[in-house]
Amino acid sequence: QVQLVESGGGLVQAGGSLRLSCVASGRTFSNYVRVMAWFRQAPGKEREFVASITSRGGSTYSTDSVKGRFTIDRDNAKNTVFLQMNSLKPEDTAVYYCAAGYVGGLQNSGYDYWGQGTQVTVSS
């Protein structure tokens, strides 16, 4: 099984930056996980895909609304995935979740394991 723990959220002014971290652990992690991703959910809205990275190869993809501002990267030696968020906007305010799965993709159903979430609040 896989466990994911996010950290790094907080309160920041518009235009500022935050770096989120997700540490993964589990006896069979390498057998179950091919893709890791970040999702976010704002109050009253559905959870949405933000960015993903493959466990092997490091191929990345991000949604249009964050391209040029957010970067996903990884440190395989530490089983850690990061989300570097720059030029933050109030619209980025949400709970950010780390996800891992075998199928991956843009939908929640492509991921089998989820972290507890970390709050990101961007003030105007």
Side-chain angles (χ1 to χ4, degrees):
Q1 288 295 325
V2 175
Q3 295 183 13
L4 307 175
V5 179
E6 305 102 327
S7 62
L11 175 64
V12 65
Q13 291 184 317
S17 298
L18 286 173
R19 184 171 175 84
L20 306 182
S21 299
C22 173
V23 179
S25 62
R27 286 140 45 202
T28 59
F29 179 83
S30 61
N31 293 331
Y32 283 90
V33 174
R34 296 172 63 88
V35 185
M36 298 192 69
W38 290 94
F39 287 74
R40 65 186 182 185
Q41 187 167 25
K45 296 186 177 181
E46 296 181 351
R47 188 173 299 182
E48 67 170 343
F49 172 87
V50 177
S52 66
I53 186 167
T54 58
S55 298
R56 276 199 336 136
S59 297
T60 63
Y61 182 81
S62 60
T63 193
D64 287 345
S65 63
V66 307
K67 286 181 178 175
R69 300 189 298 120
F70 292 9
T71 302
I72 188 170
D73 58 276
R74 65 181 182 178
D75 184 342
N76 283 351
K78 298 180 179 179
N79 285 340
T80 303
V81 176
F82 305 96
L83 185 68
Q84 179 66 47
M85 304 186 294
N86 300 324
S87 301
L88 283 161
K89 305 175 181 180
E91 306 93 275
D92 297 317
T93 295
V95 176
Y96 283 71
Y97 296 92
C98 181
Y102 188 83
V103 176
L106 306 181
Q107 299 179 345
N108 293 353
S109 60
Y111 299 87
D112 306 295
Y113 309 99
W114 296 83
Q116 83 287 351
T118 185
Q119 177 71 47
V120 172
T121 302
V122 184
S123 62
S124 60

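Computed from a predicted model, the values in this text were never measured in an experiment.
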Quiz item: So which heavy atom on Leu88 is nearest to which on Leu18, and how close?
Solution: CD1-N, 3.9 Å

Practice problem: Can you see which heavy atom on Ala42 is nearest to which on Thr93, and at what distance? | Solution: CB-O, 3.7 Å

Quiz item: Hydrophobic clusters join Ile, Leu, Val, Met, Phe, Trp and Tyr when side-chain heavy atoms are under 4.5 Å apart, directly or via other members; which others share one with Leu11?
Solution: none

Exercise. With sequence neighbours excluded, give me every disulfide (SG to SG under 2.5 Å) pair touching residues 72-124.
Key: Cys22-Cys98

Quiz prompt | Contacts of Arg74 that satisfy salt bridge (charged side-chain N to carboxylate O under 4.0 Å, His left out) - sequence neighbours left out | solution = none

Self-check item: Closest non-hydrogen atom pair, Asp112 against Gly101
Solution: OD2-CA, 3.6 Å

Self-check item: Check: Met85 and Leu20 side chains under 4.5 Å, non-hydrogen atoms
Solution: yes

Quiz item: Roughly how far apart are Ser17 OG and Phe70 CZ, rounded to 0.5 Å?
Solution: 9.5 Å

Quiz item: In chain order, what residues pass the side-chain hydrogen bond (donor to acceptor under 3.5 Å, both in side chains) check against Thr121, with sequence neighbours excluded?
Solution: Gln119

Practice problem: Kindly write out the residues that satisfy side-chain hydrogen bond (donor to acceptor under 3.5 Å, both in side chains) with Glu91, not counting sequence neighbours, or none if the list is empty. | Solution: none

Quiz item: Can you name the residues that form a side-chain hydrogen bond (donor to acceptor under 3.5 Å, both in side chains) with Asp64, not counting sequence neighbours?
Solution: Lys67

Quiz prompt | Exercise: identify the closest heavy-atom pair between Ser21 and Trp38 | solution = O-CH2, 3.7 Å

Exercise. Please report the shortest heavy-atom distance between Ala37 and Ile72, naming the atom on each side.
Key: CA-CD1, 4.5 Å

Quiz item: Tell me the disulfide (SG to SG under 2.5 Å) pairs involving residues 31-92, sequence neighbours left out?
Solution: none

Quiz item: Under the 3.5 angstrom rule, does the side chain of Thr54 hit a backbone N or O of Ser59 as a donor-acceptor pair?
Solution: yes

Quiz item: Looking at Asn76, Ile53, Asp75, which one forms a side chain to side chain contact (heavy atoms under 4.5 Å, CB included) with Val81?
Solution: Ile53

Quiz item: Do any pairs count as a salt bridge (charged side-chain N to carboxylate O under 4.0 Å, His left out) and have a residue in residues 80-89, sequence neighbours left out, and if so which ones?
Solution: none

Quiz prompt | Connected-component partners of Trp114 among ILVMFWY, side-chain separation under 4.5 Å | solution = Val35, Phe39, Phe49, Tyr61, Val95, Tyr97, Leu106, Tyr111

Quiz item: Other hydrophobic cluster members with Val23, side-chain heavy atoms of Ile/Leu/Val/Met/Phe/Trp/Tyr under 4.5 Å, chained?
Solution: none

Practice problem: Kindly give the heavy-atom pair with the smallest separation between Leu4 and Gln116, and that separation in Å. | Solution: O-OE1, 3.8 Å

Quiz prompt | Check: Thr63 and Arg40 side chains under 4.5 Å, non-hydrogen atoms | solution = no

Quiz item: Taking only residues two or more places apart in sequence or in another chain, which ones pass side-chain hydrogen bond (donor to acceptor under 3.5 Å, both in side chains) with Arg19?
Solution: Asp73, Gln84

Quiz item: Which residue pairs pass the disulfide (SG to SG under 2.5 Å) test when at least one of the two sits in residues 34-87, sequence neighbours left out?
Solution: none

